[in-house]
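First the structure, in the form of structure tokens, and then the observations on it.
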Number of protein chains: 2
Amino acid sequence: MTSKAGIEQVLKEASMRVTQPRVAVLAAVTANPHADTETIISAVHEEHPHVSHQAVYDSLKLFTSLGVVRQIQPQGHIARYETRVGDNHHHVVCRRCGHLADVDCSVGASPCLHASDDHGFQIDEAEVIYWGICPDCQALNS
Amino acid sequence: MTSKAGIEQVLKEASMRVTQPRVAVLAAVTANPHADTETIISAVHEEHPHVSHQAVYDSLKLFTSLGVVRQIQPQGHIARYETRVGDNHHHVVCRRCGHLADVDCSVGASPCLHASDDHGFQIDEAEVIYWGICPDCQALNS
DNA sequence: TTCTTATCTTGACTCATTCAAAATAAGAGG
DNA sequence: CCTCTTATTTTGAATGAGTCAAGATAAGAA
């Protein structure tokens, strides 16, 4: 679903108005997985130079709230976005360079979904972030 | 180890200079688990009104880098600190009010430590954040 | 085609956190 | 105990991702 028609479809199905800025933002997130807001703004500007950063922020926030995109924000990093949603996958982050990659958890489809003592919380999501050193940064060290 | 002597001990063992600001900050974090920086600054000021916010930030950063305190920063929230370190515990965060509680993972001592495909990353930590609604916010809804 | 109202543009603003330079004090060595 | 070096601290300004607000625009219902 990378085509413009496919993207408009997604917006309509989520009962959003189909606007140029929204189509451009969703296309940019799809084309640039794990991109931060600035990267998305730049990507959007390539075809639509007049779209404001506020529109991009608004769109990303709306998409996130509707579950169309997912926001990832590891400690000490700014927000990033991806369109791969709803499949309970997690992320590895490099402590050195911040590089980010997808991982599926080894424990099955719904890993770690239950805390031993939930303190009465109604838990609906377990977010896992793995921390380590990426291959490139390992190479730099040796 | 809540006593002033105990705190100075901790600083010395981590080869830090024992300064008034540092002792006060570490005492404040110990006394206020999960407190944010502003709360810690206020707590410090109660006994040491002249300590600057910069000293608090510096101390917290140093403590974190030496593993004496742990920084927690869920999506959309500012940083919080705790002295419970090295026991691989996780956190639940309330989506409504941001309330935060400790949880031990149900899967054992080192839960989720291995990703199915680590993309060549050298992983050293699996950080888990549970999201849900805390008891108080559940009560407000019903 | 018109009209309502959600969305966008513009530009100012917030606030947690960081930067930089001068002042201070921890603690090693004498 | 005193001096000296240099890590820390204070002070005050700056950064920057993200938000707010008001007027202008355009999506799409009728």
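First the proteins, then the strands, lettered A, B, ... as listed; each starts at 1.
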Roughly, in whole Å, what's the span from [atom1] in [X] to [atom2] in [N]?
X: His53(A); N: dC13(C); atom1: NE2; atom2: C1'; value: 11 Å
X: Ile78(B); N: dT18(C); atom1: CD1; atom2: C1'; value: 16 Å
X: His45(A); N: dT9(C); atom1: NE2; atom2: C1'; value: 11 Å
X: Leu11(A); N: dA6(C); atom1: CG; atom2: P; value: 17 Å
X: Tyr81(B); N: dT17(C); atom1: OH; atom2: C1'; value: 9 Å
X: Gln54(A); N: dG16(D); atom1: CD; atom2: P; value: 19 Å
X: Ile41(A); N: dT10(C); atom1: CD1; atom2: P; value: 13 Å
X: Leu62(A); N: dT19(D); atom1: CG; atom2: P; value: 13 Å

Next item on the list: Measure from the side-chain heavy atoms of Tyr57(A) and tell me the nearest of dG18(D), dT17(C), dT9(C).
Entry: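 Between dG18(D), dT17(C), dT9(C), the one nearest the side chain of Tyr57(A) would be dG18(D).
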
Would you indicate what [X] reaches in the nucleic acid, counting non-hydrogen atoms under 4.0 angstrom: base, sugar-phosphate, or nothing?
X: Lys61(A); value: sugar-phosphate
X: Thr19(A); value: sugar-phosphate
X: His50(A); value: sugar-phosphate

Note to self: Ignoring hydrogens and geometry beyond distance, is a side-chain donor-acceptor pair present between His91(B) and Glu82(B) at under 3.5 Å?
What the structure shows: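 On atom types as modelled, these side chains qualify, holding a pair under 3.5 Å.
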
Check: Just checking, any donor-acceptor pair under 3.5 angstrom between side chains of His89(B) and Asp102(B)?
Finding: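 Yes, because at least one side-chain N or O of His89(B) sits under 3.5 Å from a partner of the opposite role on Asp102(B).
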
Margin query: Let me spell it out: for each of Ala79(A) and Gln20(A), pick the nucleotide of DNA chain D with the closest heavy atom. Which residue's pick is nearer the 5' end?
Written below: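 Checking each residue's closest nucleotide, the 5'-ward one belongs to Ala79(A).
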
Margin query: Please compare Val18(B) and Met16(A) by the position of their nearest nucleotide in DNA chain C and report the one closer to 5'.
Written below: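 The residue whose closest nucleotide sits nearer the 5' end is Met16(A).
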
Checklist line | Closest-nucleotide ordering on DNA chain C, the 5'-leading residue of Gln73(B) and Arg22(A) | finding: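 The residue mapped nearer the 5' terminus is Arg22(A).
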
Check: Would you call the rings of Phe121(B) and His99(A) parallel, tilted or perpendicular if under 30° counts as parallel and over 60° as perpendicular?
Finding: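 The arrangement is parallel - the two ring planes meet at less than 30°.
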
Note to self: Just verifying a value: how many Å separate Trp131(A) CH2 and Cys94(A) SG, rounded to the nearest 0.5 Å?
What the structure shows: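 Answer for the CH2-SG pair, Trp131(A) versus Cys94(A), is 9.5 Å.
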
Notebook entry, point to check: Just to confirm, is there a sub-4.0 Å distance from OP1 or OP2 of dA17(D) to any side-chain nitrogen or oxygen of Thr37(A)?
Noted result: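 For dA17(D), neither OP1 nor OP2 has a side-chain N or O of Thr37(A) closer than 4.0 Å.
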
Checklist line | Residue-phosphate contact under 4.0 Å: Arg17(B) side-chain N/O, dA25(C) OP1/OP2 | finding: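 For dA25(C), neither OP1 nor OP2 has a side-chain N or O of Arg17(B) closer than 4.0 Å.
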
Checklist line | Salt-bridge present (Arg70(A), Glu127(A); N to O < 4.0 Å) | finding: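 Result for this pair is no, no salt bridge flagged.
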
